[in-house]
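Data first, discussion second: the structure below is written as structure tokens.
Here is how names work: the chains are called A, B, and so on, in the same order as the sequence lines, proteins then strands, and each is numbered from 1.
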2 protein chains.
Amino acid sequence: MKEGPDIAQIGALIGDPARANMLAALTGGRALTATELAGVGGITVQTASTHLAKLEAGGLLAQRKQGRHRYFTLADEAVARLIENMMGFAAGRGHLRHRPGPKEPALRKARICYDHLAGDYGVRMLDSLIASGAIEAVGEGLALTEKGESDLARIGIDVGNLRSSRRPLCRSCLDWSERRAHLAGSLGKALLSSFLDRGWARRTAESRSILFTPEGDRQFLRLFPVEV
Amino acid sequence: MKEGPDIAQIGALIGDPARANMLAALTGGRALTATELAGVGGITVQTASTHLAKLEAGGLLAQRKQGRHRYFTLADEAVARLIENMMGFAAGRGHLRHRPGPKEPALRKARICYDHLAGDYGVRMLDSLIASGAIEAVGEGLALTEKGESDLARIGIDVGNLRSSRRPLCRSCLDWSERRAHLAGSLGKALLSSFLDRGWARRTAESRSILFTPEGDRQFLRLFPVEV
DNA sequence: TTCATAGTTCGATCGTAACCGAAGCATCGC
DNA sequence: GCGATGCTTCGGTTACGATCGAACTATGAA
């Protein structure tokens, strides 16, 4: 069979544990240097360098030189979606590197998924937005309602502005820890940014987890209540 | 990094060309025997057997014994979605096994994607359903309208019946040849089934392509007109 | 029973790719 | 200029896994 696109190539790229770890780390959205990526991959820099070259040649990564550093990021959002997709799939099959348990509680509570909020808090936020009628779930997709637009304006998010980008406003992204959807898309990004800007939460140094301050926690839970 | 699901495992499973070919062939929805799969993979049966065992252990494949044959299928729809996802992604990056051109015209015109119609005709059908107001595209998702439900009843598709299944009614699936969405989900399956039942089209023996009869072609194009 | 077909298991070969040490560039700070 | 840091390239080793021939098991047909 010589029909269709070549899945094996990208499968093989993702199929190496070191490379998979690097890609997963980059799903954190932050650009990382070759040395840092070597760390997360558990390999030496030389080896990491060849891996990174392969990933770049395969179109999964982009790099930006800055001084004597080389910052690597995922090539675009499609790559991030693919990785998260595969994570969701793998989690569903029980392909976990460690037994499930409450292993990385912080990561399960709130983490960054490329550029938006994931984990328990991410799922909660979307649930709450749907319950309040701000977002409508239609089939697999999500749509912002009129009410949602004005609700968001009240907390300082200008939806009209976001619409101008080519990127979809609302997108649903399957959460691998919660096995339910959370909010991605430019709106998901804007919401997370606003939390960070307000000082409600901050990103941690080397991990994908997001730490809420006590005050931020209160505000977040107030803003996105759950049904009882 | 020891966090999160193990993406590398399934990446590696898909990353071997022989296995990728087998999986792609099984995306055709039809159960295939080990010998047939050896053929599409371009390997001997012994080798195929070990590959199939690995894929099954990895949860990607299911097998059913029937007499002295062993029929392999994708484990479930999630696997099919993952494969099609990756195909769409790979096509977008130009990871084609052959140069794009009009290589497999029949396959690009109409083919089966697990259990629904894909290719030019698949995309056209969804476009037409949206244009006529039978289906609404909301964000990334698709929703059947009241009008759609009665339109479909008129051509003999009982939507109420489909709803009873746990599977989503409408799902959008990215078409790797057209780079646009076509209709998946139980409705997509029902529509394709009805075309086949009516004798408008038939599946081909060893390929994923779907051949429309001249009469079926006429009927299909009449039923799903395109905007001019 | 015997033969034929479908598939798996075993054993051995072979290629490829991951890996690291060492050397080579490039950029920064001094 | 110098040395230090970040990264890549080169060379050689090693290990894993894809592959196939041959032997083995299972189902069916005669």
Side-chain angles (χ1 to χ4, degrees), chain A residues 1-2 6-26 30-73 95 97 205-206, chain B residues 1 6-26 30-58 60-73 95 97 205-206:
Chain A
M1 283 289 175
K2 327 104 188 306
D6 191 1
I7 254 184
Q9 237 174 85
I10 61 170
L13 281 176
I14 302 176
D16 179 86
R19 284 196 292 259
N21 283 335
M22 299 196 218
L23 288 168
L26 287 171
R30 159 177 295 173
L32 297 174
T33 66
T35 313
E36 289 170 322
L37 287 167
V40 310
I43 47 181
T44 62
V45 270
Q46 311 92 293
T47 310
S49 181
T50 68
H51 281 311
L52 292 169
K54 283 179 193 178
L55 287 170
E56 198 184 357
L60 299 191
L61 291 188
Q63 67 165 294
R64 188 161 28 100
K65 293 186 67 167
Q66 205 167 101
R68 56 183 155 178
H69 294 273
R70 249 162 227 226
Y71 285 98
F72 289 87
T73 55
H95 286 278
R97 251 168 304 183
E206 280 289 327
Chain B
M1 281 293 175
D6 190 1
I7 252 185
Q9 236 175 86
I10 62 170
L13 281 175
I14 302 175
D16 178 85
R19 283 195 293 256
N21 284 334
M22 300 195 218
L23 288 168
L26 288 171
R30 160 176 294 175
L32 298 174
T33 66
T35 312
E36 289 170 324
L37 287 168
V40 311
I43 48 180
T44 62
V45 270
Q46 310 93 292
T47 311
S49 182
T50 68
H51 281 312
L52 291 169
K54 281 179 195 178
L55 287 171
E56 199 186 355
L60 299 191
L61 255 48
Q63 67 164 296
R64 187 161 29 98
K65 293 187 67 166
Q66 205 165 100
R68 55 182 156 182
H69 292 275
R70 248 161 227 227
Y71 285 99
F72 289 87
T73 54
H95 286 277
R97 251 169 304 186
E206 279 290 326

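For C/dC20, one of the phosphate oxygens OP1 or OP2 lies less than 4.0 angstrom from a side-chain nitrogen or oxygen of A/Thr44. Checking the phosphate oxygens (OP1, OP2) of C/dA18, a side-chain nitrogen or oxygen of A/Lys54 falls inside 4.0 Å. Contact annotation: B/Arg19 side-chain N/O to D/dA18 OP1/OP2 distance is under 4.0 Å. Side-chain nitrogen and oxygen atoms of A/Lys65 include none within less than 4.0 Å of the OP1 or OP2 phosphate oxygen of D/dC7. Considering only side-chain N and O atoms, A/Arg68 lies nowhere under 4.0 angstrom from the phosphate OP1 or OP2 of C/dC25. Checking the phosphate oxygens (OP1, OP2) of C/dC19, no side-chain nitrogen or oxygen of A/Thr47 falls inside 4.0 Å. For the OP1/OP2 pair of D/dT19 and a distance below 4.0 Å, the side-chain nitrogens and oxygens of B/His51 include at least one atom meeting the criterion.
Residue A/Thr50 is the one, among A/Gln66 and A/Thr50, whose nearest nucleotide of DNA chain C lies closer to the 5' end (criterion: closest heavy atom). A residue-by-residue look at A/Thr35 and B/Ala12 shows that A/Thr35 has its nearest nucleotide of DNA chain D further toward the 5' end.
Here D/dC7 presents its C1' atom at 16 Å from CG of A/Leu55, a figure rounded to the nearest Å. Nucleotide D/dT8 holds its P atom 12 Å from the CG atom of A/Leu61, rounded to whole Å. Rounded to an integer number of Å, the gap from CZ of A/Arg64 to P of D/dG6 is 17 Å. Between A/Leu52 atom CG and C/dA17 atom P the separation is 17 Å, expressed in whole Å. A/Phe72 places its CZ atom 8 Å from the P atom of D/dC7, with the value rounded to the nearest Å. D/dC7 atom P lies 9 Å from atom CG of A/Leu37, rounded to whole Å. Atom CE of A/Met22 is separated from atom P of C/dA18 by 10 Å (rounded to the nearest Å). When the P atom of C/dA18 is taken as reference, atom CG of A/Asn21 falls 14 Å away, rounded to whole Å.
You'll find that the side chain of A/Ile43 is closest to C/dC19, out of C/dC19, D/dT19, C/dT9. Taking only side-chain atoms of B/Asp16, from C-beta outward, the nucleotide of C/dT8, D/dA18, D/dT8 with the closest atom is D/dA18. Each of D/dG6, C/dA18, D/dT19 was ranked by its minimum atom distance to the side chain of A/His69; first place goes to D/dG6.
Between A/Met22 and A/Leu52, the closest side-chain pair of non-hydrogen atoms falls below 4.5 Å.
Side chain of B/Arg30 to main chain of B/Ala25: no donor-acceptor pair is present (N/O by atom type, distance under 3.5 Å, no hydrogens or angles). With A/Glu36 contributing its side chain and A/Thr33 its backbone, the two residues share a donor-acceptor pair below 3.5 Å. In this structure, A/Arg19 contributes its side chain and A/Ala48 its backbone to no donor-acceptor pair below 3.5 Å.
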Report task. Could you check B/Arg70 against B/Arg64 for side chain to side chain contact (heavy atoms under 4.5 Å, CB included), going step by step and ending with a plain yes or no? Result -> CA-CA 6 Å; B/Arg70 248 161 227 227; B/Arg64 187 161 29 98; over 6 Å; no

